[in-house]
Novice: 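The following block contains the structure, expressed as structure tokens.
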Amino acid sequence: LSGAIKEFGGGVVIISHNREFTDTVTVEKWSVNAGVLVVSGNNYTQKNLEKIVMKEEETKIDAFGNVEKVKSTRKLSRKEIKEKQKRRAAAKKRGEEVLVSKHGQIDSDHFLHPKTNKVFKLDHFRQIASDPEDHTVDEEMEELRKVVEKDVEDYVGDRYAEGVLAVYGAQGVITIAIVHNKYSPSNFWNGRWRSVWTLDTATGEVKGSLKCKVHYYEDGNVQLETSKEVEDKLSKSSSEPHKVISKALVDLVSAAEHKYQEALNESYHDLAETTFNGLRRALPYTRTKLDWNKILTYRIGAELAAK
Amino acid sequence: FSPPLAEGNYPSSKLRKLELTANEAFDTYRELYFEGGVSSVYFWDLEVGFAGVVLIKKVGDGSRRMKGAWDSIHVFEVQEKAGRNAHYQLTSTVMLYMVTNKPELGHMNLSGSMTRQAEQDYVVEDPSMHIANIGRMVEEMEIKMRHLLKDVYFGKTKDTVNDLRSIESLAKMRKQQEMQREITAKLQERQPKGRSD
């Protein structure tokens, strides 16, 4: 019988007390015992089930294995928000939040933290960093990288309330990555800003990529997605002192990002006033709502000819 | 139906007449509010009462390098009650899509959708009044949703962007806040207690 069932190409419902029978015929087993589901067989790992639960929690990346999981199921009281901010500010001072990007990627699981020059292993799923190891430094770039990093830190601290940054220097290219995420699922919104800038120290060419994404979904679903590419050139030559180059670079970055943000705000204004109205007016040209009793006697052509 | 569909769902002849009038009425509605676009109204019979959908689509003209589209889907159900009343249920979905491409801006996509419901009873003295009643409900609903989309949703996303990156120097803002606090404190000191303005 089990042979016949295995060969059968369709679905089969079996009710049986014989475990040997069901084990031969089935590949995977889902057992429900006292309200708990356990899956076995076929290399199925329990890990997959955890994913569904994990999504509800906010996790914070921490460079040395400590994970702060914050469940946000209710709005934090003012006092709690202040405490949370204080903790984050202190954590940032200790340098505990780390940026993960493809510019610092060593392999699929290992990333570089340029500030401390350590390579750490990243558990992508839990977003925990662990096993820090020393990394060989690109000596030529390290001086400039450090100066740029300091200037970018000042810039980020001044514009991005909780931004995280990383400055990489390798093979003649300085890469700046800035990320600022704001999550507030209890208030139905999330947002993230990402900017990546590269400076080719040989040619002085600067390239930037700015991306912003915002999602607001209280009783609705609205998303903003923007991206901008920038290309420019430093007016300082590579022979100038590091401090000068760094300042010129950060000034350029700061000016470009500022201009972009202004353009974004202006576009919002245009969209609201012009495009949106072009799609649907607030009221017809009569400036009143429709008289639906009369509408049945309107002749479309005649009314619009009078417009 | 085009191409003709033998088993297509056709409304009864009485309902069909209503459907035709409704299409004309909503065409006018569409011209007045959307100044263009396309609309269609479909009715169908239910076991008791009838139902229908009003579909409106407007695509922006692409001026100022902004592409946009508005889609409305209003599904309603009408139950005639004893006497001269009818009960209307409306479920409306509005989908909005706005894309801008400008040199200083790069690419910006602001899109959204929302669904709302409403229920209302109206007096119906003859069948054509159904159209007026449904029309009023749809108009109210679109006005409300348009307002919500524009002020709440777009406003909120814009605020979040400016939260992500501060246009003003944060140091400058903190200084201003400090000053404000000092001034308020000083003012409170000057005012004798028990006075209210």
Side-chain angles (χ1 to χ4, degrees), chain A residues 157-161 163 180-182 189-193 195 210 212 214-216 218-230 257-268 270-272 274-276 278-286 289-290 292-293 295-296 298 300 303-304, chain B residues 21 24-25 27-29 31-35 58-61 63-64 66 68-70 96 98 100 102 104-116 128 131-133 135-136 139-140 142-143 146-150 152-154 156-158 160-167 169-171:
Chain A
D158 196 43
R159 289 299 159 120
Y160 299 86
H180 189 190
N181 297 334
K182 267 197 136 146
W189 63 264
N190 299 305
R192 102 178 4 198
W193 172 294
S195 28
L210 308 168
C212 184
V214 178
H215 187 197
Y216 179 47
E218 179 169 15
D219 274 341
N221 181 0
V222 173
Q223 296 190 30
L224 167 74
E225 204 188 306
T226 76
S227 63
K228 170 139 170 70
E229 304 292 321
V230 179
E257 293 195 343
H258 189 88
K259 213 171 91 173
Y260 174 60
Q261 192 173 0
E262 280 186 346
L264 208 58
N265 283 330
E266 207 187 288
S267 267
Y268 255 110
D270 282 344
L271 278 172
T274 317
T275 317
F276 201 56
L279 287 176
R280 183 187 190 281
R281 301 174 62 120
L283 281 175
Y285 68 93
T286 55
K289 294 203 293 207
L290 252 53
W292 284 91
N293 293 322
I295 203 174
L296 298 177
Y298 279 172
I300 303 174
E303 274 299 305
L304 293 178
Chain B
T21 326
E24 274 186 26
D27 260 350
T28 311
Y29 170 80
E31 267 310 317
L32 287 172
Y33 273 103
F34 295 84
E35 294 174 333
K58 171 81 193 284
V59 175
D61 57 6
S63 67
R64 303 185 63 165
M66 290 187 215
W70 168 298
L96 197 51
M98 296 197 289
T100 310
K102 278 199 284 201
E104 20 348 320
L105 187 60
H107 172 88
M108 173 180 177
N109 178 342
L110 182 58
S111 309
S113 78
M114 58 189 288
T115 302
R116 289 284 183 280
S128 66
I131 301 182
N133 296 336
R136 271 190 214 106
E139 184 180 25
E140 280 299 327
E142 280 202 344
I143 288 178
R146 181 189 184 283
H147 172 79
L148 267 175
L149 274 169
K150 177 175 173 204
V152 176
Y153 291 90
F154 297 160
K156 179 73 187 175
T157 55
K158 175 176 173 198
T160 311
V161 172
N162 287 315
D163 246 356
L164 286 172
R165 181 182 187 281
S166 167
I167 269 277
S169 150
L170 287 175

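Throughout, protein chains are lettered first and strands after them, A, B, ... in sequence-line order, and every chain is numbered starting at 1.
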Novice: Do His107(B) and Glu225(A) have side chains that get closer than 4.5 Å, going by heavy atoms?
Specialist: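 The answer is no, as the side chains (C-beta and beyond) never meet within the 4.5 Å cut-off.
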Novice: Tell me, side chain or backbone of Glu257(A) under 4.5 Å from chain B's heavy atoms, or both, or neither?
Specialist: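 Contact with chain B: backbone and side chain both.
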Novice: Any idea which heavy atoms bring Trp70(B) and Leu279(A) closest together, and the distance?
Specialist: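 That closest heavy-atom pairing would be N-CD2, 4.1 Å.
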Novice: Looking at Glu266(A), Glu229(A), Glu218(A), His258(A), which one has more heavy-atom pairs under 4.5 Å with chain B than the rest?
Specialist: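 Option with the greatest count: His258(A).
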Novice: Considering all heavy atoms of both residues, which atom of Asn162(B) and which atom of Gln261(A) are nearest to each other, and what is their separation?
Specialist: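 Minimum heavy-atom separation between Asn162(B) and Gln261(A): OD1-NE2, 2.8 Å.
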Novice: Pick one of side chain, backbone, both or neither for Gln223(A), based on which atoms fall under 4.5 Å of a heavy atom in chain B.
Specialist: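 Backbone plus side chain of Gln223(A), per the 4.5 Å heavy-atom cut-off to chain B.
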Novice: Need one label for Leu148(B): side chain, backbone, both or neither, based on atoms under 4.5 Å from any heavy atom in chain A.
Specialist: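 Neither part; nothing is under 4.5 Å.
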Novice: Heavy-atom pairs under 4.5 Å with chain B: which of Gly278(A), Ala263(A), Ser267(A), Ser227(A) has the most?
Specialist: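 If we count pairs closer than 4.5 Å to chain B, Ser227(A) comes out on top.
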Novice: Closer than 3.5 angstrom, by distance alone: can the side chain of Lys158(B) be matched with the main-chain N or O of Leu264(A) as a donor-acceptor pair?
Specialist: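 Not at all, since once roles are kept as given, no pair shorter than 3.5 Å links the two residues.
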Novice: Given 3.5 Å as the limit, does a donor-acceptor pair link the side chain of Arg146(B) with the main chain of Arg280(A), or not?
Specialist: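 Yes; judged by distance alone, with no hydrogens or angles, the pair exists.
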Novice: Under a 4.5 Å cutoff for heavy-atom pairs, which residue among Lys150(B), His147(B), Met114(B), Arg116(B) has the most contacts with chain A?
Specialist: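 Among Lys150(B), His147(B), Met114(B), Arg116(B), the one with the most close pairs to chain A is Lys150(B).
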Novice: Please classify the contact of Lys156(B) with chain A as side chain, backbone, both or neither, using a heavy-atom distance under 4.5 Å.
Specialist: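 When you check distances to chain A, only side chain atoms of Lys156(B) fall under 4.5 Å.
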Novice: Of all heavy-atom pairs between Cys212(A) and Val161(B), which one has the smallest distance, and what is that distance?
Specialist: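 For Cys212(A) and Val161(B), the tightest heavy-atom pair comes out as SG-CG2, 3.9 Å.
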Novice: Step by step, would you call Trp189(A) with Thr160(B) a side-chain contact (heavy atoms from CB on, under 4.5 Å)?
Specialist: CA-CA 9 Å; Trp189(A) 63 264; Thr160(B) 311; 3.5 Å; yes
Novice: Which of the residues Gly112(B), Gly106(B), Ser111(B) is involved in the greatest number of heavy-atom pairs with chain A at under 4.5 angstrom?
Specialist: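 Heavy-atom pair counts peak at Ser111(B).
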Novice: Under the rule for side-chain contact (heavy atoms from CB on, under 4.5 Å), what residues qualify as partners of Ser166(B), not counting sequence neighbours?
Specialist: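 Once residues adjacent in sequence are excluded, the partners of Ser166(B) under the side-chain contact (heavy atoms from CB on, under 4.5 Å) criterion are Glu168(B), Leu170(B), Met173(B).
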Novice: Step by step, work out the side-chain contact (heavy atoms from CB on, under 4.5 Å) result for Met108(B) and Lys228(A).
Specialist: CA-CA 9 Å; Met108(B) 173 180 177; Lys228(A) 170 139 170 70; over 6 Å; no
Novice: Sequence neighbours left out, what passes salt bridge (charged side-chain N to carboxylate O under 4.0 Å, His left out) with Lys289(A)? Give chain and number order.
Specialist: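 Per chain and number, Lys289(A) pairs via salt bridge (charged side-chain N to carboxylate O under 4.0 Å, His left out) with Glu140(B).
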Novice: Atom CG of Asn109(B) and atom CG of Leu224(A): how far apart are they, to the nearest 0.5 Å?
Specialist: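 Output value for this atom pair is 7.5 Å.
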Novice: Checking side-chain contact (heavy atoms from CB on, under 4.5 Å) for the pair Tyr160(A)/Leu164(B): CA distance, chi angles, key distance, verdict?
Specialist: CA-CA 6 Å; Tyr160(A) 299 86; Leu164(B) 286 172; 5.9 Å; no
Novice: Taking all heavy atoms of Tyr33(B) and all of Leu283(A), pick out the closest pair and write down the distance.
Specialist: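 Scanning both residues, the minimum pair turns out to be CE2-CA, 3.7 Å.
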Novice: If you round to the nearest 0.5 Å, how far is OG1 of Thr28(B) from CG of Leu290(A)?
Specialist: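 The distance works out to 8.0 Å.
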Novice: First locate atom OG1 of Thr157(B), then atom OH of Tyr268(A), and finally report the distance between them rounded to the nearest 0.5 Å.
Specialist: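 Thr157(B) atom OG1 to Tyr268(A) atom OH measures 2.5 Å (nearest 0.5 Å).
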